[in-house]
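Reading through the structure tokens given below for one structure.
Labels below follow one simple rule: chain letters A, B, ... track the order of the sequence lines, proteins then strands, and each chain is numbered from 1. Reckoned from all heavy atoms, side chains included, excluding hydrogens, waters and symmetry mates.
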2 protein chains.
Amino acid sequence: MTEGVTARGGLRERKKKATRAALVEAAVRLAAEHGVEHVTVDAISAAAGVSTRTFFNYFDSRDEVFVMIGADSGERVRRAVLAAPRALSPLEALREALAAELEEIERQRDLWHLHAEVLRAAPQLLARSIGAHMADELGLAEALAERIGEGSPLFTPDRPAFSTAEDQRRRQEIGLYPRLLAAVGTTAVRVAVEHWCVRQGEVGFADVFRETFAHVASGLADPAARS
Amino acid sequence: MTEGVTARGGLRERKKKATRAALVEAAVRLAAEHGVEHVTVDAISAAAGVSTRTFFNYFDSRDEVFVMIGADSGERVRRAVLAAPRALSPLEALREALAAELEEIERQRDLWHLHAEVLRAAPQLLARSIGAHMADELGLAEALAERIGEGSPLFTPDRPAFSTAEDQRRRQEIGLYPRLLAAVGTTAVRVAVEHWCVRQGEVGFADVFRETFAHVASGLADPAARS
DNA sequence: GATAATTTTTGCAGGCTCTGCATTTTTGCG
DNA sequence: CGCAAAAATGCAGAGCCTGCAAAAATTATC
């Protein structure tokens with residue numbers, strides 16, 4: 001296997017991370033070559049050197065292996081939102097937190113580009129990817145609510161992502177504004193990424209990102225109607 | 001079968017609509033009773049009085065039957081956007097178009113409430129539902145682009161929703177602003193609906209909807225910082 | 001009204017996804 | 001080394017989904 005430079009945690013933990021990464025990489029590589037639909041769990045598992053059954057010990061479904069990139073993005077963004085200078089408005093704080101995270105992702109350019117290509121050719125998976133992000137959305141809304149000072153500090157940085165029954169209760173505690181902020185923020189990121197993917201090469205991502213948030217901050221005023 | 005009062009189209013066409021509706025209703029009813037996960041395609045088909053194989057002639061996947069409500073919403077919204085008075089800003093035009101469609105949906109209250117309950121208990125399906133709406137998003141962006149006057153009039157009201165290869169090309173024709181507008185608009189609707197579901201009974205949906213779009217129009221300014 | 005053409009339904013075979021359970025292998029530790 | 005915990009594996013089985021060809025239903029035509 002690949003040699004883990006980071007010796008954090010026991011060998012057991014490192015091996016699990018390695019296996020997971022191997023599965024993701026094998027899956028994305030195979031998908032880029034043969035098309036997502038023609039990649040079976042058997043093939044992914046074989047390429048990663050584990051049994052088919054083991055695959056399902058790591059991922060709940062076949063599709064999940066294609067969308068599980070940046071699994072810990074959510075937590076970093078939440079922390080950044082809470083740590084942002086209080087001089088920033090909520091929207092600005094969110095913008096900066098997301099911008100920082102996107103720079104982080106840019107650093108793993110290659111794998112991410114391959115991933116983006118795979119997802120772009122598979123709208124069905126893109127949908128599920130959005131769904132995965134939606135788990136983050138609720139946590140992000142909580143972080144924003146706490147930053148704004150609304151409600152009690154029920155935020156705990158690392159928390160299981162999905163828990164239907166629990167979510168229900170948590171949703172009730174959060175106001176409309178923080179939730180809208182979180183939702184629109186992630187939506188803006190998605191649109192920026194999509195738009196940038198389409199115009200790849202023409203413009204830098206940072207520019208697209210800034211422009212997108214400028215539109216949002218202006219209340220989506222008609223850019224054609226300059227007065 | 002149920003007697004179609006509307007005699008439009010041949011018997012064949014009416015029967016297909018009836019079968020589809022029967023499948024949806026059976027699915028939702030069974031899901032509300034036993035939980036989505038425990039409803040098999042066999043059970044749905046049996047309850048609707050058709051074979052299992054026939055189910056898959058109507059829906060591409062088991063999940064689709066749970067999210068296929070308001071399938072023609074997208075087209076109506078697009079038409080409304082194009083028909084809106086030119087005095088309205090793009091965001092206002094979109095808001096009014098969506099508001100009208102939501103009123104329309106409210107009219108089929110019962111089935112929709114059951115549906116909402118089923119989806120709320122199944123985040124995985126909610127994700128797919130969002131995905132289904134995303135197909136509309138692109139078409140909505142086109143309609144908005146045309147209304148704004150940007151680019152050529154490539155909008156044709158009724159068009160197949162999904163066509164991966166084709167989408168690619170269409171995306172390139174649309175600017176960032178219309179796409180962002182479409183995405184944020186549908187996101188705002190989603191947040192409004194979710195928030196309203198959680199606070200059911202406390203407030204009317206129309207109020208939540210107005211408040212949500214007011215936030216968006218204000219550029220998501222901090223409502224706590226009144227100056 | 002009977003027959004032909006078209007569409008829809010259906011059964012069936014088969015592959016893939018995913019789960020539970022028992023077993024084997026690996027790892028952590030004294 | 002030997003023992004306990006954790007992970008990987010094999011296997012059986014349910015369920016999802018897709019071609020394909022035969023059967024049934026609807027529409028068109030005479």
Side-chain angles (χ1 to χ4, degrees), chain A residues 1 3-4 7-24 26-27 30-31 34-68 122-125 127-128 131-132 162, chain B residues 1-4 6-24 26-27 30-31 34-68 122-125 127-128 131-132 162:
Chain A
M1 307 247 169
E3 309 227 324
R8 264 226 312 188
L11 179 108
R12 185 165 258 156
E13 208 165 326
R14 269 183 289 139
K15 227 181 168 183
K16 274 182 77 173
K17 265 196 160 49
T19 301
R20 173 177 286 265
L23 283 169
V24 169
L30 287 171
H34 302 116
V36 179
E37 300 302 331
H38 300 133
V39 178
T40 67
V41 174
D42 283 345
I44 298 169
S45 308
V50 297
S51 76
T52 303
R53 186 63 184 81
T54 297
F55 177 95
F56 289 106
N57 288 339
Y58 282 88
F59 302 96
D60 284 341
S61 79
R62 163 188 170 279
D63 291 355
E64 202 171 327
V65 77
F66 295 113
V67 305
M68 259 311 181
Q124 158 221 1
L125 287 185
R128 193 167 273 213
F162 249 102
Chain B
M1 305 249 170
T2 44
E3 309 228 321
T6 51
R8 265 222 314 187
L11 180 126
R12 184 166 257 154
E13 209 166 325
R14 269 181 291 137
K15 234 183 164 181
K16 274 181 78 172
K17 265 196 160 50
T19 301
R20 173 177 287 265
L23 283 169
V24 169
L30 287 170
H34 303 117
V36 180
E37 300 302 330
H38 301 132
V39 178
T40 68
V41 174
D42 282 344
I44 298 169
S45 309
V50 297
S51 76
T52 303
R53 187 63 184 81
T54 296
F55 177 95
F56 289 106
N57 288 338
Y58 283 89
F59 302 95
D60 284 341
S61 78
R62 165 190 169 278
D63 292 356
E64 203 169 325
V65 75
F66 294 113
V67 304
M68 259 312 180
Q124 157 219 2
L125 287 185
R128 192 167 273 213
F162 250 101

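- Close to D:dA7, at under 4.0 Å from its OP1 or OP2, lies a side-chain N or O of A:Lys16.
- If you measure from atom CG of B:Asn57 to atom P of D:dA23, you get 18 Å, rounded to the nearest angstrom.
- Rounded to whole angstrom, the span from the CZ atom of B:Phe55 across to the C1' atom of C:dT8 amounts to 17 Å.
- Atom CZ of A:Arg14 is separated from atom P of D:dA7 by 15 Å (rounded to the nearest Å).
- Looking at the side chain of B:Tyr58, the nearest of the listed nucleotides D:dA8, C:dT8, C:dT17 is C:dT8.
- When heavy atoms are screened at a 4.0 angstrom cut-off, B:Thr52 is found touching no nucleic acid atom at all.
- Side chain of A:Arg53, nearest nucleotide from D:dA7, C:dT9, C:dT19: C:dT19.
- Between the P atom of D:dC17 and the CG atom of B:Leu23 lies a distance of 14 Å, rounded to the nearest Å.
- Listed nucleotides C:dT9, D:dA8, D:dT9 differ in distance to B:Thr19; the shortest reach to its side chain belongs to C:dT9.
- For residues 46-56 of chain B, the side chain to side chain donor-acceptor pair (under 3.5 Å) pairs, not counting sequence neighbours, are B:Asp42-B:Thr52, B:Ser51-B:Thr54, B:Arg53-B:Asn57.
- In this structure, the NE2 atom of B:His38 is 16 Å from the C1' atom of D:dC16, given to the nearest Å.
- For A:Phe56, the listed nucleotide lying nearest its side chain is C:dC18; candidates were C:dC16, C:dC18, C:dT26.
- D:dC17 atom P lies 12 Å from atom CD of A:Glu37, rounded to whole Å.
- Comparing D:dC17, D:dG15, D:dG10 by their nearest atom to the side chain of A:Ser51 picks out D:dG10.
- Nearest heavy-atom pair, B:Ile44 versus B:Leu23, reported as atom, atom and distance to 0.1 Å: CG2-O, 3.7 Å.
- Among the nucleotides C:dT17, C:dT26, C:dT10, the one closest to any side-chain atom of A:Lys15 is C:dT26.
- Side-chain nitrogen and oxygen atoms of B:Thr54 include none within less than 4.0 Å of the OP1 or OP2 phosphate oxygen of C:dT9.
- In this structure, A:Asp42 atom CG and D:dC11 atom P are separated by 13 Å, rounded to whole Å.
- Residues passing the side chain to side chain donor-acceptor pair (under 3.5 Å) test with A:Thr40, sequence neighbours excluded: none.
- B:Arg62 CZ to B:Phe55 CZ: the interatomic distance, rounded to the nearest 0.5 Å, is 8.0 Å.
- The distance from atom CZ of A:Phe59 to atom P of D:dA8 is 12 Å, rounded to the nearest whole Å.
- Considering all non-hydrogen atoms of both residues, B:Ala31 and B:Phe66 come closest at CB-CE2, 3.6 Å.
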